[in-house]
Amino acid sequence: MKRLTLFCGHYGSGKTNVCVNYAMHLRSMGLEVTVADLDIVNPYFRTKDSQAQLEEAGIRVISSPFANSNVDLIAIPSEAYSLTEDRSRYAVLDIGGDERGALALGRFSDAIREENDYEMLCVVNFYRPLTGTAEEVLGVMAEIEEACGLRFTGLVHNSNLGAQTTLRTIEDAQGEMLRLQELSGLPLAFTSADERIAAGGMFPLRLQKRVYE
Amino acid sequence: MSEKVLMKGNEAIAEAAIRSGCRFYFGYPITPQTELAAYMARRMPKIGGVFLQAESEIAAINMVYGVAGTGKRVMTSSSSPGVSLKQEGISYLAGADLPAVIVNVQRGGPGLGGIQPSQSDYFQATKGGGHGDYHLIVLTPDSVQEMADLTGLAFDLADRYRVPAMILADGTMGQMMEPVVLPPERDAAVADKPWAVTGTENKRPHNIINSLYLAPDVLEKTNDERYARYAEIQAKEARWESWMMDDAEYGIVAFGIAARVAKNAVTHLRQNGIKAGLIRPITVWPFPTSAVTGACARVRAMVSVELSMGQMIEDVRLAAEGRCPVTLCSRSGGMIPEPQQIIACVERLAKGGK
């Protein structure tokens with residue numbers, strides 16, 4: 001188990017949901033965990049939506065004071081420096097989508113490389129319009145690596161169609177995932193799915209229900 | 001894999017526009033609609049289309065005016081403050097009888113307001129906004145699927161009636177992700193538009209795109225002709241969804257994201273023994289007046305649920321024609337009403353309150 005887990009990937013691939021649930025998972029193993037929202041791209045649907053639940057579980061949340069507010073400011077909170085300076089805690093990092101989001105990670109990449117105790121996972125949803133094939137995902141991965149200066153160490157298969165996801169949805173995308181593993185040479189860290197449909201071996205996600213769903 | 005994809009509402013509008021033959025997009029970034037422009041920036045160059053980030057919203061709408069005059073399908077998008085800037089150009093489009101599609105992914109106002117979702121540009125969209133006697137066709141999607149479907153319809157209606165059409169969405173609709181079946185690719189060629197400025201080749205008199213009329217009686221005649229078209233649109237193109245209205249004693253009118261919350265409230269109210277129903281306008285201009293008027297004769301009260309201080313409620317009241325009381329249930333400033341608030345409002349009415 002590495003001290004730092006970084007979730008990156010295409011815009012809208014499901015990083016925040018995976019990130020929040022992964023932090024809860026680490027906490028359930030008794031670890032001291034920090035979760036950090038370094039998303040500088042998304043105005044809505046942020047880690048902060050789950051802040052109460054995370055803090056109740058004893059997880060420290062680092063999030064922009066402007067997230068979910070009316071302040072449309074690209075800002076990283078100063079507490080984020082504790083992610084690399086305080087090596088006593090595990091940390092899960094939610095990085096904004098695409099290469100634009102990964103830019104924010106670049107500020108920390110020297111320290112992350114120097115400590116060398118991290119996983120950088122690419123969250124993949126093949127049902128997203130501009131990442132429907134392994135080749136398209138590889139293109140986005142290369143852009144992210146260039147923007148943040150770190151290399152991916154693994155993949156998360158998070159293919160889904162929102163509320164209409166079934167096991168079949170995930171199975172149908174598995175062939176493309178195998179191709180991506182082959183082409184990238186990276187291992188599959190896990191396959192994630194809504195806890196209501198997650199089958200054996202999958203990482204179950206507890207998703208937030210919203211007032212309009 | 002299935003033909004469905006998981007998209008943000010903003011992305012769905014962009015892709016649906018492209019598949020409806022739109023090859024020209026002019027815009028300027030603003031939260032919460034920027035994904036639409038970003039998607040166009042990625043896609044348009046790959047298909048021989050034009051994406052141009054203009055120097056301002058005003059420049060963008062005037063570029064739309066230019067392309068629309070050539071008969072090509074063209075789109076711009078923005079969010080509330082940016083759409084305010086476009087109003088002069090929108091009035092000119094209407095005055096020159098040009099079809100175009102304008103997208104407003106609304107955020108809280110007035111002024112710079114905020115970046116959270118809102119429906120407080122209802123007046124601006126349906127009652128003018130720009131100067132002069134004119135209307136837009138205004139479509140209000142309530143799902144990512146409808147964001148895609150109504151975009152294609154907006155282009156078709158704009159072309160058919162030679163009027164600008166608007167997609168009136170809100171920040172939540174733009175940002176939320178849902179599965180969507182995208183419409184099939186359609187021909188990008190110019191439809192039959194004998195008025196377009198496409199070059200005469202010395203074979204016909206030249207066409208003029210203009211909204212200036214030197215003689216007032218000619219301008220009046222032009223307005224009369226345009227209003228005859230508006231009357232036809234009002235007669236033929238009002239769209240709405242009636243949900244649980246057949247035996248409803250309390251009717252809710254809500255569009256877009258408010259309608260989704262209202263559906264949850266109706267379900268709960270019926271479980272609690274109160275017969276509620278929903279009329280969801282899919283067009284707010286033309287407003288589905290006949291549907292609301294008919295319902296008002298049957299229900300005890302109507303509730304207008306909005307993300308504003310109360311704007312659509314004026315159209316609901318006009319349609320009610322005094323047949324039943326009409327109450328407002330709303331949040332503003334970027335807040336979304338919760339089902340509990342709507343339930344409490346209807347329960348209060350059921351107990352004889354206001």
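Residue numbers begin at 1 in each chain, while the letters A, B, ... track the order of the sequences.
Both the backbone and the side chain of T172(B) come within less than 4.5 Å of a heavy atom in chain A. In this structure, chain B has heavy atoms under 4.5 Å from both the backbone and the side chain of N160(A). At a 4.5 Å heavy-atom cutoff, E178(B) makes no contact with chain A through either its backbone or its side chain. Looking at A262(B), neither its backbone nor its side chain comes within 4.5 Å of chain A, counting heavy atoms on both sides.
The 12-atom threshold is exceeded at CE of M244(B), counting heavy atoms of other residues, nucleotides or ligands nearer than 6.0 Å. At most 12 non-hydrogen atoms from other residues, nucleotides or ligands lie less than 6.0 angstrom from OH of Y28(B). No more than 12 heavy-atom neighbours from other residues, nucleotides or ligands sit within 6.0 angstrom of CZ on R151(A). Counting non-hydrogen atoms of other residues, nucleotides and ligands closer than 6.0 Å to CZ of R206(A) gives a total of 12 or fewer. Heavy-atom contacts from other residues, nucleotides or ligands closer than 6.0 Å to CD of E56(A) number 12 or fewer. A 6.0 Å sphere centred on NE2 of H268(B) holds no more than 12 heavy atoms belonging to other residues, nucleotides or ligands. By the neighbour-count criterion of 12 heavy atoms within 6.0 Å, atom CD of E185(B) is densely surrounded, having more than that number from other residues, nucleotides or ligands.
Taking chain A as the reference chain and counting heavy-atom pairs below 4.5 Å, the highest number among G114(B), A259(B), P179(B) is found for P179(B). Heavy-atom pairs under 4.5 Å with chain A were tallied for V180(B), L182(B), I257(B); the largest tally goes to I257(B). Ranked by heavy-atom pairs under 4.5 Å with chain A, the first of G108(B), A258(B), P339(B), G171(B) is G171(B). Annotation: maximal heavy-atom pairing with chain B below 4.5 Å, among L130(A), N125(A), T165(A), occurs at L130(A). Chosen from I336(B), L112(B), T31(B), the residue pairing most often with chain A at heavy-atom distances under 4.5 Å is T31(B).
Here the shortest heavy-atom pairing between A38(B) and R100(A) reads CB-NH1, 4.0 Å. Across L6(B) and L161(A), no two heavy atoms sit closer than the pair CD1-C, 3.7 Å. Contact record, M177(B) with G12(A): CE-O, 3.0 Å, taken as the closest heavy-atom pair.
In this structure, the side chain to side chain contact (heavy atoms under 4.5 Å, CB included) partners of R239(B), at least two apart in sequence or on a different chain, are L153(B), L157(B), E237(B), I282(B), T283(B).
Side chains of P129(A) and E15(B) form no contact here, defined as non-hydrogen atoms less than 4.5 Å apart. Counting only heavy atoms from C-beta outward, the side chains of Y212(A) and D142(B) never approach each other to under 4.5 Å.
With hydrogens and angles left out, the side-chain atoms of Y11(A) and E35(B) include a donor and acceptor closer than 3.5 Å.
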*Step-by-step salt bridge (charged side-chain N to carboxylate O under 4.0 Å, His left out) determination, E143(A) to R42(B)*: CA-CA 14 Å; E143(A) 288 172 4; R42(B) 265 189 192 260; 3.6 Å; yes
